[in-house]
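Quick note on labels: first sequence line is chain A, next is B, and so on, each numbered from 1.
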Amino acid sequence: MKRTILAFALLLLLSSISFAEEAGSPDEGFMIFGDKNFAAEKTEESKWIFKTGLEYIQYTSNLPEYSGKFESVSAGTKADILGFGLGIGREFYFTNGFSSTFLISAVYQKSLDKSIGKAAEDIDYDLSNVRDAQYVYAYEASLSLNYLLDYKTVDVQPFIDIAGGMGYAEIEKEYIKKKEAPSDSANTTEDYDVKTKENFLFTRLGLGVNFIHFKGFMSYFKVSSMIVQVTDKETIGSSNLSGTTAVVDYDGKEKNLDETEIITTAQLGLGYYF
Amino acid sequence: MKILFIILSSLFIFLSCDTEEQIYHYNKYDDEYAGLVLMAAQECIEENDIFAALDTTNDFDTAEFKVNDVYKITRVADSITNIFFMKITAIATGTPDTMTVVLNGDGSEYDKIINFDSDLNSDMYDNIGLAACNITYKDIWSASGLGSSEQMTLVWDKETIQIADDAGAGDDDDDDDPEAYTEQTDSFRINRDYPLFFSYFNATYSSTILTDGSDSTVNKTGEMTISLIVDTDDDGNYEDEDECTGNVNCSFVTTGFDDCDIAVDTNIVTKSDYTDLFFSYVANTGDCKLIPEFGTI
């Protein structure tokens, strides 16, 4: 199902690019990019830009460690989170293809993964359930240095950018394991239900490339390395292991932290110069 | 339009972030398998409404049925309809609760006094739970309507091979089918409104019979339906007494018949011979014959 949705999304993306390219009438220079493309009209001047697209972050989980029969939690586990980003800014043209873009962006990322552990293929009994929910939002201001390569069909604009910002992350994991036989004692079940809430600051260094199409439509791809500093963290939840009735409580708050992590992000999307 | 395309694209990508997978921890060769089958059956019984509803029949004092309730049984087989009436003539609470039911077919050989108790009802309840929820018996039993709080259907597929393939008079065929067999399917409508053994009288029956030396099978069907025609409330008042006028008098004779106890096989879920019954009579006096599923009576 998810693959179908993703395939449909990619199809729509491609369609949108094609649609944009086909938007001009023949007398506007349709498909004659080298002769009458956006770069030719507005390259050597400053302009506004709007960007939106898919955002990926590999966020480091700070959930307490746990070792259950069917699920474990290790320190520093990376959580792959996808989301949606929006940015608006202005590109300032310098000279000879060099320009700089100042961009204000917001990112909302959320992933939900569920794993249902059936007892066996022919037994309709959910022996275990795992639910991983991750949710991150962040704001940033970035400044990039761009260089435009004016090709015939599409302009290519590699860039390097630096950014700073702040964000909030919630990482949650739920796991339960039920009894495996009616004769099992009640303490053979397992349970882990913990959520962390973190505020963080970050700086980011990115490398990317813009592909500028006809009439100001563009697409972009960027990878970045972020230094994330978690400033405060709240942990809520508890766990219980098989063979014991003891419940481990993780509730607690930590402030003025100085924990830093280096994480990877990637962006892929579309934009419009105006 | 362009912006719409972009927003839709992004939205679909965003929605694609959620994933769900299903894994299997064990297979039938693992030691844990047998215990997990029982856990699944237990969960099925605990989570489906019908079992809580049927459990109310185990307490005769608080169950839906009452003393003086009268039920009409309509039996159709071989295109002939027979009518019987059953009246709950006594209920006594105790350990276990007991009940007496009089089955009156207006002079037929199936007129009986039937003795039943809550332990037997509980055994039938357990049988129904196992048959409906334990996958060990899925080749014999199937169920539907488990989410209902009124009625479920339990189907019992029985087969008896009288003469195996390549034996007997018809041993010259080339197929792998038995030379003589009887297949029978009993489909019981099990309702919380009456004692569980009444389900025998609210069922459809079908049978396919191949006799030795025959090239074709014989099919038989029979159906019994039950309806409450005199509903006694907690104050002992009757309702729907119109059904008791004319040739049928609900104050019918309730004595002088064969006295029969009900017997319940607690291992019935494992059985699939076509002669096996949901319950049977044990005669205290006379010849306790159960109304047959098929044939003219």
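- Both the backbone and the side chain of B:Glu32 come within contact range of chain A, each with at least one heavy atom under 4.5 Å from a heavy atom of that chain.
- Atom CG of B:Asn267 is surrounded by more than 12 heavy atoms from other residues, nucleotides or ligands within 6.0 Å.
- Taking CD1 of B:Ile23 as the start and OG of A:Ser128 as the end, the distance is 5.0 Å to the nearest 0.5 Å.
- For B:Lys28, the NZ atom is loosely surrounded, since the number of other residues' heavy atoms within 6.0 Å does not exceed 12.
- In this structure, the side chains of B:His25 and A:Glu180 stay at 4.5 Å or more apart for every pair of heavy atoms.
- For the set A:Ala133, A:Gly85, A:Ser183, A:Pro182, the entry with the most heavy-atom pairs within less than 4.5 Å of chain B is A:Pro182.
- Interface remark: A:Lys69 contributes side-chain atoms only to the contact with chain B (heavy atom separation under 4.5 Å).
- A:Phe70 and B:Tyr26 have perpendicular rings, their planes meeting at more than 60° on a 0 to 90° scale where under 30° would count as parallel.
- With contacts defined as side-chain heavy-atom distances shorter than 4.5 Å, the pair A:Ile116/B:Glu20 qualifies.
- In this structure, chain A has a heavy atom under 4.5 Å from the side chain of B:Lys138, while its backbone stays farther away.
- B:Tyr33 is listed as a side-chain neighbour of A:Asp122, based on a closest heavy-atom distance under 4.5 Å.
- The neighbour count for A:Glu121 CD, taken as heavy atoms of other residues, nucleotides or ligands under 6.0 Å away, does not exceed 12.
- For B:Lys158, the NZ atom is densely surrounded, since the number of other residues' heavy atoms within 6.0 Å is greater than 12.
- Distance check: A:Asp113 CG to B:Glu21 CD gives 8.5 Å after rounding to the nearest 0.5 Å.
- Atom CG in A:Leu127 sits 8.5 Å away from atom CE in B:Met39 (nearest 0.5 Å).
- Using a 4.5 Å cut-off between heavy atoms, B:Gln42 touches chain A through its side chain atoms alone.
- Counted within 6.0 Å of OH on A:Tyr168, heavy atoms from surrounding residues, nucleotides or ligands total more than 12; the atom is thus considered enclosed.
- Heavy-atom distances place both the backbone and the side chain of B:Leu36 under 4.5 Å from chain A.
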